[in-house]
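Here is the structure we will look at, set down as structure tokens.
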Protein chains: 2
Amino acid sequence: MEVKDLTGKASQVSWKAKKSVALSGVVAGSTALCAVGRSGNDLHYRGYDILDLATQCEFEEVAYLLLYGKLPNREELTAYKQRLRAMKRLPAPVRSVLEQVPAGAHPMDVMRIGVSALATIEPEAKPYNVDSARRVADRLLASLAPMLLYWHHFTVNGKRIETTLEADSIADHFLRLLHGNSAPENWVHALQVSLILYAEHEFNASTFTARVIAGTDSDVYSAVAGAIGALKGPKHGGANEVALEIQQRYGSPDEAEQDVRVRVERKDVIIGFGHPVYAISDPRNVVIKNIARKLSECNGDKLLFAVAERLENVMFSVKKMFPNLDWFSAVAYHCMGIPTAMFTPIFVIARTSGWCAHIIEQRQDGKIIRPSAIYTGPENLPFIAIAERR
Amino acid sequence: MEVKDLTGKASQVSWKAKKSVALSGVVAGSTALCAVGRSGNDLHYRGYDILDLATQCEFEEVAYLLLYGKLPNREELTAYKQRLRAMKRLPAPVRSVLEQVPAGAHPMDVMRIGVSALATIEPEAKPYNVDSARRVADRLLASLAPMLLYWHHFTVNGKRIETTLEADSIADHFLRLLHGNSAPENWVHALQVSLILYAEHEFNASTFTARVIAGTDSDVYSAVAGAIGALKGPKHGGANEVALEIQQRYGSPDEAEQDVRVRVERKDVIIGFGHPVYAISDPRNVVIKNIARKLSECNGDKLLFAVAERLENVMFSVKKMFPNLDWFSAVAYHCMGIPTAMFTPIFVIARTSGWCAHIIEQRQDGKIIRPSAIYTGPENLPFIAIAERR
């Protein structure tokens with residue numbers, strides 16, 4: 001179909017506007033960060049194919065590409081990682097705030113309260129510009145895993161962990177903070193790849209939230225806190241948690257196939273399949289599936305992968321539907337011993353790079369985002385004084 | 001101009017799509033809550049004229065209208081106010097969180113951290129539906145002033161105030177919490193009117209933020225926390241604070257007129273004037289101006305009002321621009337001894353009623369909001385290994 005911007009300039013995309021999606025196919029702005037769904041199964045970050053980035057980069061390279069506009073050379077990457085490592089200490093009031101959050105809280109709510117607390121301690125420097133935004137972006141990239149895992153260990157184990165422990169990368173840091181010791185190299189690599197795949201995806205609902213907030217000239221923390229709330233929704237980031245629940249229901253691939261055929265027959269939605277802007281397949285699936293397979297083989301427990309792969313085949317043969325990134329991400333995360341409730345928070349860590357790059361773009365664009373509504377209510381009701389109301 | 005929804009159904013509005021506004025005039029959904037800008041200076045909540053509501057209702061009646069779908073009769077209003085009064089206690093962990101927020105923090109950040117903390121202590125009950133949304137909406141309406149003013153007195157005076165003190169209404173409660181004693185009746189009335197005027201305004205940026213977040217099936221707290229971040233921006237809710245700064249610059253109406261004529265000449269933007277969806281005037285201005293005049297007369301200090309009124313006349317004669325709601329709200333709040341930094345938080349208290357009513361509508365609509373972007377970046381860049389990058 002053809003997508004037109006407000007000046008009439010047209011782009012071709014392979015997908016069709018969906019009735020279940022508001023503003024589907026309606027252009028809300030421009031971006032140089034991401035092109036998606038034009039051929040049916042393509043994704044590019046700043047012009048680079050996701051398959052190259054995911055197989056040949058570290059997450060920090062991709063975050064740098066999104067936030068600073070180019071792939072870093074060796075010196076720039078080393079300096080950037082060093083800067084991020086120096087930013088992982090949580091201020092004492094942020095730790096105190098996290099200690100007030102009960103064990104049963106939703107980890108996405110923990111992420112938002114952590115971000116909101118940091119905003120009050122280290123607010124974005126004024127005047128807000130590209131530099132102040134990058135500084136907050138980097139601080140958040142370095143601090144999100146510490147926020148989540150400080151709270152986790154405090155509420156689960158009653159332990160105040162040291163979040164500044166030595167780690168080479170954000171992925172490495174996350175796994176060390178979670179497991180309390182150094183993680184196998186293939187896990188760190190797997191998490192790197194996953195963070196790259198989740199980093200950016202054009203005007204998805206959480207990124208669009210961040211852009212609407214940034215459009216009022218608000219600060220980066222406000223935009224990211226809003227985006228976290230959008231990503232929490234089961235129609236958005238919450239999907240990878242549901243994917244695992246589905247996969248864990250079954251004792252064998254045959255049992256899974258039989259049950260899902262019945263569910264498809266009665267028109268149940270199977271989370272983890274299909275995508276609003278891919279017509280042929282999710283280009284990220286081949287990468288994360290490969291990662292999930294290797295982790296499963298290493299672990300010696302192949303059931304979950306086998307179930308997931310069988311359901312991939314069933315869904316394609318019965319419904320011509322393909323798995324999206326969430327489907328095999330769930331398998332991969334489970335193999336690394338990551339609690340299910342942390343799947344969407346990992347998505348936050350990854351997508352913060354994309355969110356902040358979009359916030360910078362929206363600032364440069366300088367527009368407030370303010371659509372219209374069709375009014376469907378009653379017209380010109382006569383006012384009735386309270387004493388006469390029924 | 002004509003505004004069309006995606007099915008082609010058309011509505012007439014009097015304003016023109018603006019280049020400085022993304023999605024201006026583009027329909028992003030439907031609402032039965034609010035019609036605005038169709039004749040040039042009209043605003044209706046659920047079919048009732050804002051002038052009737054603002055001059056004959058309490059804020060709680062209007063919140064009830066927005067959230068529960070009808071104007072309450074006497075018994076319903078009494079019961080509703082009683083329910084809100086019973087909800088104003090802040091849980092101990094929320095108070096502890098607020099105590100961690102430094103005195104210099106932005107009060108809008110305080111509001112968001114308070115909302116985020118309450119979300120972790122009293123999360124929205126599942127399954128999310130209209131009832132669970134209303135319950136959180138009411139809890140927030142009752143708790144927002146306590147959050148702001150608990151923090152205020154703790155950081156400014158080192159005092160842990162009791163937020164449950166007896167008060168008839170949300171406006172009364174706010175003023176008592178702020179000043180520590182019962183407020184004059186005309187102040188309570190003035191704040192009531194202001195809350196009504198600020199309660200709802202169709203798909204403005206913060207409400208649209210709340211709807212985008214709600215569209216992913218996320219919870220009410222997430223949507224409100226996001227909306228607070230959008231309202232914080234100086235292009236949105238932050239405007240009433242800037243309005244006061246402008247008015248306080250001058251020692252006399254003549255001085256104000258002279259200076260503003262110069263500023264208009266050199267094309268400065270004067271905050272507090274004009275509006276994206278009103279062509280003729282802001283219908284709320286006549287009400288709030290009247291309130292501001294009366295408060296000024298009572299206070300015996302008419303300078304601020306006189307400056308504001310003179311600038312209203314100057315801006316109309318020179319630029320044909322009219323003051324929006326923010327302009328005389330600033331005068332009114334200042335007369336009641338409300339610190340400037342609390343102007344936008346009061347907007348939050350008011351608009352929470354509208355935000356939550358829109359969140360309920362978006363849930364009922366069932367759609368995720370996911371627009372498209374025009375890609376403006378480079379195409380198909382060849383990947384370069386890190387060792388070979390410049």
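The chains referred to below are lettered A, B, ... by the order of the sequence lines, with proteins before strands, and numbering in each begins at 1. Just so it is clear, the model here is predicted, and its values are computed rather than measured.
- Among B:Val101, B:Asp52, B:Ile368, B:Asn380, the residue making the largest number of heavy-atom pairs under 4.5 Å with chain A is B:Ile368.
- Among B:Gly238, B:Gly377, B:Ser218, the residue making the largest number of heavy-atom pairs under 4.5 Å with chain A is B:Ser218.
- Atom CD1 of A:Ile374 and atom CZ of B:Phe203 lie 9.5 Å apart (nearest 0.5 Å).
- Looking only at heavy-atom pairs under 4.5 Å with chain B, the residue among A:Gly226, A:Ala210, A:Ser20 that has the most is A:Ser20.
- No part of B:Glu75 comes within reach of chain A, as not one of its non-hydrogen atoms sits under 4.5 angstrom from that chain.
- A:Asp49 places none of its side-chain heavy atoms less than 4.5 Å from the side chain of B:Phe383.
- Under the 3.5 Å distance criterion, the side-chain polar atoms of A:Thr216 are left unmatched by any main-chain donor or acceptor of B:Leu231.
- In this structure, the side chains of B:Pro371 and A:Val27 stay at 4.5 Å or more apart for every pair of heavy atoms.
- At least one side-chain heavy atom of A:Ile113 sits less than 4.5 Å from a side-chain heavy atom of B:Ile113.
- The OG atom of B:Ser222 sits 5.5 Å away from the CG atom of A:Asp109 when rounded to the nearest 0.5 Å.
- Of the atoms belonging to B:Arg46, it is backbone heavy atoms, and not side-chain ones, that fall under 4.5 Å from chain A.
- Of the two parts of B:Pro123, neither the backbone nor the side chain holds a non-hydrogen atom closer than 4.5 Å to a non-hydrogen atom of chain A.
- Minimum heavy-atom separation, B:Thr376 to A:Ser30: CG2-CB, 3.6 Å.
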For this session: Any chance you could lay out the side chain to side chain contact (heavy atoms under 4.5 Å, CB included) test for B:Ile386 and A:Glu61, step after step, and finish with the verdict?
Result: CA-CA 9 Å; B:Ile386 190 162; A:Glu61 277 173 85; 4.0 Å; yes
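- B:His201 touches chain A through backbone and side chain together, each having a heavy atom under 4.5 Å away.
- B:Gln100 is linked by a side chain to side chain contact (heavy atoms under 4.5 Å, CB included) to A:Pro93, A:Ser96, A:Val97, counting only residues two or more places apart in sequence or in another chain.
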For this session: Would you check, one step at a time, whether the test side chain to side chain contact (heavy atoms under 4.5 Å, CB included) holds for B:Leu71 with A:Ile384?
Result: CA-CA 9 Å; B:Leu71 282 172; A:Ile384 299 163; 5.8 Å; no
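- A:Pro382 places none of its side-chain heavy atoms less than 4.5 Å from the side chain of B:Tyr48.
- Interface residue B:Tyr221: backbone and side-chain heavy atoms are both found under 4.5 Å from chain A.
- For B:Lys19, the part sitting under 4.5 Å from any heavy atom of chain A is the backbone (N, CA, C, O) and nothing else.
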Problem set entry | side chain to side chain contact (heavy atoms under 4.5 Å, CB included) evaluation trace for B:Tyr375 with A:Leu33 | CA-CA 8 Å; B:Tyr375 181 65; A:Leu33 291 166; over 6 Å; no
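- In this structure, A:Arg389 contributes its side chain and B:Pro72 its backbone to a donor-acceptor pair below 3.5 Å.
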Problem set entry | side chain to side chain contact (heavy atoms under 4.5 Å, CB included) between B:Lys367 and A:Val21, intermediate numbers included | CA-CA 5 Å; B:Lys367 286 184 185 166; A:Val21 181; over 6 Å; no
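- Nearest heavy-atom pair across A:Ala373 and B:Thr31 is CB-CG2, 3.8 Å.
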Exercise. Could you walk me through whether B:Arg38 and A:Glu379 pass the salt bridge (charged side-chain N to carboxylate O under 4.0 Å, His left out) check?
Worked result: CA-CA 12 Å; B:Arg38 294 190 298 178; A:Glu379 298 284 351; 2.8 Å; yes
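- With respect to chain B, the highest number of heavy-atom pairs below 4.5 Å among A:Asp217, A:Val224, A:Leu53 belongs to A:Asp217.
- Only the side chain of A:Asp219 comes within less than 4.5 Å of a heavy atom of chain B; its backbone N, CA, C and O stay farther away.
- There is no contact between B:His106 and chain A, counting heavy-atom distances below 4.5 Å.
- Within the 4.5 angstrom heavy-atom criterion, only side-chain atoms of B:Ala225, from C-beta onward, approach chain A.
- Looking only at atom types and distance, the side chain of A:Arg370 has no donor-acceptor partner in the side chain of B:Ser24 under 3.5 Å away.
- Between B:Thr120 and A:Pro102 there is a side-chain heavy-atom pair separated by less than 4.5 Å.
- Within the 4.5 angstrom heavy-atom criterion, atoms from both the backbone and the side chain of A:Thr209 approach chain B.
- Using a distance-only test at 3.5 Å, with no hydrogens or angles considered, a donor-acceptor pair links the side chain of B:Asn73 to the main chain of A:Arg390.
- Closest non-hydrogen pair, B:Lys235 versus A:Gly215, comes out as CD-O, 3.7 Å.
- Contact between A:Arg112 and B:Ala119 at its shortest, heavy atoms only, is NH2-CB, 4.0 Å.
- Not counting sequence neighbours, the partners of B:Ala54 by the side chain to side chain contact (heavy atoms under 4.5 Å, CB included) test are B:Val193, B:Ile196, B:Leu197, B:Val287.
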